Amino acid sequence: MSKKRKTVAVHAGAQLTGSKSQPVVPPIHVSAVSFFDNSDELDAALDGKDYVYSRIAAPNAALLEEAVAALEGAEACVVYASGMAALRAVFEAQNLKAGDVVVMSADGYGVTRLLFKNLAERARVRVEALILTDATAPERIVALRPKLVLAESITNPLLRVPDIRALARACREVGAALAVDATFPSPHVQRACELGADYAIHSTTKWLNGHSDALGGSVSGTREKLAPLRSARLLSGDVLGPFEAWLTLRGVRTLPVRMKAHCEHAAHVAKRLSESPLVERVHYPGLPGHPDHAVARQVLEGGFGGMVAFDIRGAGRPDCFRFLEAVKLARAAPSLGDVCTLVMHAASASARRMTPEERQAAGIGESLIRVSVGLEDPDDIADDLLAAVAEAMKR
């Protein structure tokens with residue numbers, strides 16, 4: 001089969017291994033348990049060589065894993081019930097010991113930071129939060145000699161873009177595993193493993209699903225790296241259900257077409273916002289003035305993603321809440337990746353679990369709005385956002 005992404009998205013994960021049936025749309029396999037007339041076949045199935053119990057292996061999840069791995073250009077994929085379950089699985093697979101160091105992004109998703117802080121406290125592991133887009137980040141990694149580094153391809157919510165290749169070189173130098181949460185760009189815009197990451201992580205709830213109707217998470221990488229995660233999932237039970245896997249795979253089929261439009265629309269909306277005197281700053285890596293524009297051109301392909309963030313000039317939290325109430329086309333919701341435009345106040349949503357001190361250090365202010373740009377007409381989106389800003393800032 002062709003390795004071109006549009007073709008891969010449509011055809012990967014279409015047929016179960018060992019079956020001659022070729023349905024155009026894979027069926028939903030709802031049975032959690034199967035039986036075998038032959039005891040040897042049952043025994044083999046209990047080792048994961050066939051489908052017998054959905055906590056061990058399930059058909060719809062297996063098809064989705066095949067499709068995501070193909071999109072990532074990776075050997076294998078393991079899917080989970082949520083993106084947070086996927087992140088936790090990567091952390092726990094490192095067999096960290098007391099005194100080990102984990103490095104993560106200081107300006108990334110607040111819930112991820114809280115998760116890693118909690119896991120590290122139990123394991124007596126030290127977490128160092130760094131601005132991984134800083135030019136000195138690779139040197140800091142080498143000096144800290146961590147066991148695990150977690151980066152975000154495009155940070156949430158400030159849309160900074162680290163040089164994954166440089167981080168990967170630093171990790172290899174000290175023997176650290178590099179995990180990249182690549183949810184924001186999706187595999188259409190960045191294949192993190194091809195840039196040197198050991199793990200490419202996604203909240204499949206977002207762009208991969210594309211319709212806000214199924215939670216899920218994925219980790220892609222080599223079969224060797226993923227073997228401990230697959231074994232641990234068998235015990236933890238963080239499995240993805242058949243309906244969620246089926247819905248997500250349906251979304252994957254249109255990912256390249258959707259992402260091309262999301263990227264184009266986001267670029268147009270970012271430009272319109274940057275022209276408004278009511279907007280203090282627009283965060284979008286596709287803008288030439290973005291601090292990581294040059295890096296983004298090297299590590300992102302096919303566009304700069306479907307996310308835009310902006311600061312409303314002179315706004316505080318009450319003003320931003322009025323903005324959320326004033327939008328007519330966009331919807332105020334704490335997620336992203338839908339066909340419709342979603343907006344949120346970053347400090348009270350994606351950064352809600354960060355302390356005020358952590359938000360300040362990361363540069364996440366009270367005036368920051370995050371936008372997941374949808375498939376509506378981009379001028380309609382921009383008009384809606386700008387009208388809501390104007391309404392919110394009436395004095």
Side-chain angles (χ1 to χ4, degrees), residues 5 8-10 12-14 25-26 28-29 54 57-91 108-109 111-112 115 150 152-154 156 179-193 197 199-221 226 229-230 233 236-259 262 305-307 333-340 342 350 372 374:
R5 294 186 196 186
V8 167
V10 172
V25 178
I28 303 174
H29 298 262
S54 58
N60 291 106
L63 292 172
L64 177 60
E65 288 172 345
E66 179 186 328
V68 174
L71 281 173
E72 290 281 10
E75 288 183 0
C77 173
V78 181
V79 294
Y80 293 87
S82 69
M84 298 309 297
L87 285 162
R88 176 173 181 158
V90 169
F91 185 100
Y109 184 34
V111 181
T112 300
L115 171 68
L150 174 67
E152 293 181 3
S153 294
I154 302 175
N156 179 8
V180 176
D181 185 335
T183 296
F184 267 31
S186 88
H188 179 71
V189 176
Q190 184 184 86
R191 290 177 167 182
C193 291
Y199 306 98
I201 305 167
H202 290 273
S203 169
T204 61
T205 314
K206 312 304 193 297
W207 301 113
L208 285 166
N209 169 265
H211 299 81
S212 297
D213 56 12
L215 286 173
S218 70
V219 183
S220 299
L226 296 190
L229 279 76
R230 199 176 297 280
R233 188 187 61 179
S236 68
D238 290 327
V239 297
L240 186 64
F243 289 100
E244 290 79 7
W246 187 88
L247 286 166
T248 304
L249 184 58
R250 184 189 63 174
V252 163
R253 299 302 186 217
T254 59
L255 178 69
V257 178
R258 285 187 290 107
M259 285 309 301
H262 284 299
M307 302 298 298
S335 191
L336 60 112
D338 203 306
V339 294
C340 67
L342 304 177
S350 65
S372 172

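If you're wondering where the values come from, they're calculated on a predicted model, not measured in any experiment.
Of all non-hydrogen atoms in Thr183 and Ser203, the two that sit nearest each other are OG1-N, 2.8 Å. Residues Ser54 and Val239 approach most closely at O-CG1, 4.0 Å, considering heavy atoms. Considering every non-hydrogen atom in both Pro185 and Ser153, the closest pair reads CG-CB, 3.5 Å. Nearest heavy-atom pair, Ala245 versus Ala61, reported as atom, atom and distance to 0.1 Å: CB-N, 3.8 Å. Listed here is the closest heavy atom pair of Leu215 and Leu240: O-CD1, 3.3 Å. The two residues Val252 and Pro256 make their nearest non-hydrogen contact at O-CD, 4.1 Å.
Between the Thr254 side chain and the Val257 main chain, no donor and acceptor come within less than 3.5 Å of each other. Under the 3.5 Å distance criterion, the side-chain polar atoms of Ser372 are left unmatched by any main-chain donor or acceptor of Leu342. Counting only distance, with no hydrogens or angles, the side chain of Glu152 and the backbone of Tyr109 share a donor-acceptor pair below 3.5 Å. Side chain of Thr204 to backbone of Gly216: a donor-acceptor contact under 3.5 angstrom is found. At least one donor-acceptor pair under 3.5 Å links the side chain of Arg258 to the backbone N or O of Gly251.
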Taking it one step at a time, do Met259 and Val189 satisfy side-chain contact (heavy atoms from CB on, under 4.5 Å)? CA-CA 8 Å; Met259 285 309 301; Val189 176; 4.2 Å; yes
Practice task
Test side-chain contact (heavy atoms from CB on, under 4.5 Å) on Phe91 and Leu150 and set out the steps.
Solution key: CA-CA 9 Å; Phe91 185 100; Leu150 174 67; over 6 Å; no
Derivation of the side-chain contact (heavy atoms from CB on, under 4.5 Å) call for Leu226 and Tyr199: CA-CA 9 Å; Leu226 296 190; Tyr199 306 98; 4.1 Å; yes
* To do: Applying side-chain contact (heavy atoms from CB on, under 4.5 Å), run through Phe243 and Asn60 and close with a yes or a no.
  => CA-CA 8 Å; Phe243 289 100; Asn60 291 106; over 6 Å; no
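Here CG of Leu64 is found 6.5 Å from SG of Cys77. Values are rounded to the nearest 0.5 Å. In this structure, Ser212 OG and Lys206 NZ are separated by 9.0 Å, a value rounded to the nearest 0.5 Å. Interatomic distance, CD1 of Ile28 versus CG of Leu249, reported as 10.5 Å (0.5 Å rounding). Atoms CZ and CG, on Arg88 and Leu115 in that order, are 7.0 Å from each other to the nearest 0.5 Å. Atom OG1 of Thr205 sits about 11.5 Å away from atom CG of Leu247, to the nearest 0.5 Å. Atom CD of Glu72 and atom NE2 of His188 lie 13.0 Å apart (nearest 0.5 Å).
Residues satisfying the side chain to side chain donor-acceptor pair (under 3.5 Å) test with Glu65, not counting sequence neighbours, are Arg230, Arg233. For His262, the ring pair (Phe, Tyr, Trp, His ring centres under 6.0 Å) test picks out Trp207, with sequence neighbours left out.
Counting heavy atoms from C-beta outward, Met84 and Val111 have side chains that approach closer than 4.5 Å. In this structure, the side chains of His202 and Pro187 come closer than 4.5 Å at one or more pairs of heavy atoms.
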